[in-house]
Amino acid sequence: MSTVGGIDARGVRRAFGPVRAVDGVDLVARPGRVTALVGPNGSGKTTLLLVLAGLLVPDAGEVSVAGFDPVTQGLEARRRTGWMPDVFGTWDSLTCREVLTTVAAAYRLPRDVGTSRAAELLDLVHLGEYADAPAHVLSRGQKQRLGLARALVHDPDVLLLDEPASGLDPRSRVDLRELVRRLAARGKTVLISSHVLTELDEMADDAVFLSRGRTVATRSVTGAAAERRPWRITALDTVALRAWLTENGYLPPAPAAEPGPMAEPGSPAAEPTGSVPPDEVLVDLDGEASAAALLRAAVADGVAVSSLAPAGGVLEQAYLALEEERR
Ligand SMILES: Nc1ncnc2c1ncn2[C@@H]1O[C@H](COP(=O)(O)OP(=O)(O)OP(=O)(O)O)[C@@H](O)[C@H]1O
């Protein structure tokens, strides 16, 4: 088992009575990278994160977090792990500042370090004006932000974030994304679960997909720019665009047979029906270089292309492909 920082989990299982919440998970999350943990409701994400945080003992498997086993070396592992649960329970009678200084004391930080760390983190998550307000007055999104600050108090090497963006307003989501990227740039290992795949797309370097308690796929997010995937194109004249794409081999020739009763005349056979608005065309392209080449050629031939962009994010496409496989 690797002990070189990051997270390394092999064959992890955890059941609750007859429910096999985690039923054979393998996961590697590397330092300096953001790893997305993706899966449908009930696929075992929270259970796995609790195991990694040392808050649940697995029934089987090997786990290393920042080089330590959260079960047999719990103290060492927890000292290096920041955990943000999906719902943050606060001690309601404490102020926001006291919540953080109490956590700092629990991690045995010297009092003055805890005090300055609390002030710094409250500013970081834009809760400075609530520093001396009782935590129970915070809104749900503000509580999430305090939860994030709490996870960072002891400057952990590994961050486990369970649905950190839930309840956050758009500005706070952007702040979260930037903060997560900064933490990774400083060498932290970040494992983050979310259902909002577009958000993870912009944050994550790697992704691990869970389904029914098992790892079903792992993939790189950053490497996907060069991969073959569908792109969405629009032009001022859709008919001319379709004709050009067909002529240049991007779309198959329109079928000679009579279109079916529901088909639009001239709709290309390659496109999935029902999901593409009539003024958009989907084509499979081998990454950004191919997209740039298509755009250049179309414009040179006088096709007034008005937009060209990947159809959906990398994670969304990978997720939907897995769902397809399950059918
Ligand atoms: N304490 C518990 N007791 C009994 N069953 C549990 C417990 N915790 C989780 N489970 C079950 O384990 C399975 C996995 O739950 P888990 O919360 O890990 O999923 P999740 O992927 O985090 O889901 P979501 O996306 O909805 O948050 C579910 O079937 C859930 O009902």
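Start at 1 and go down the list; that is how both ligands and their atoms are numbered. We number each residue from 1, following the sequence as shown. Keep in mind the model is a prediction, meaning the values are calculated, not measured.
- In this structure, Trp83 has no ring pair (Phe, Tyr, Trp, His ring centres under 6.0 Å) partners at least two apart in sequence or on a different chain.
- The side-chain heavy atoms of Leu50 and Arg14, taken from C-beta on, include no pair separated by under 4.5 Å.
- Partners of Ala133 according to the side-chain contact (heavy atoms from CB on, under 4.5 Å) rule, which considers only residues two or more places apart in sequence or in another chain, are Tyr130, Val137.
- Leu295 pairs by the side-chain contact (heavy atoms from CB on, under 4.5 Å) definition with Val299, Val305, Leu308, not counting sequence neighbours.
- Arg177 has its side chain out of reach of Val180: every pair of non-hydrogen atoms, C-beta onward, lies at least 4.5 Å apart.
- Protein residues with any heavy atom under 4.0 Å from ligand 1: Phe16, Val19, Ala21, Pro40, Asn41, Gly42, Ser43, Gly44, Lys45, Thr46, Thr47, His195.
- Side chain of Arg13 to backbone of Asp23: a donor-acceptor contact under 3.5 angstrom is found.
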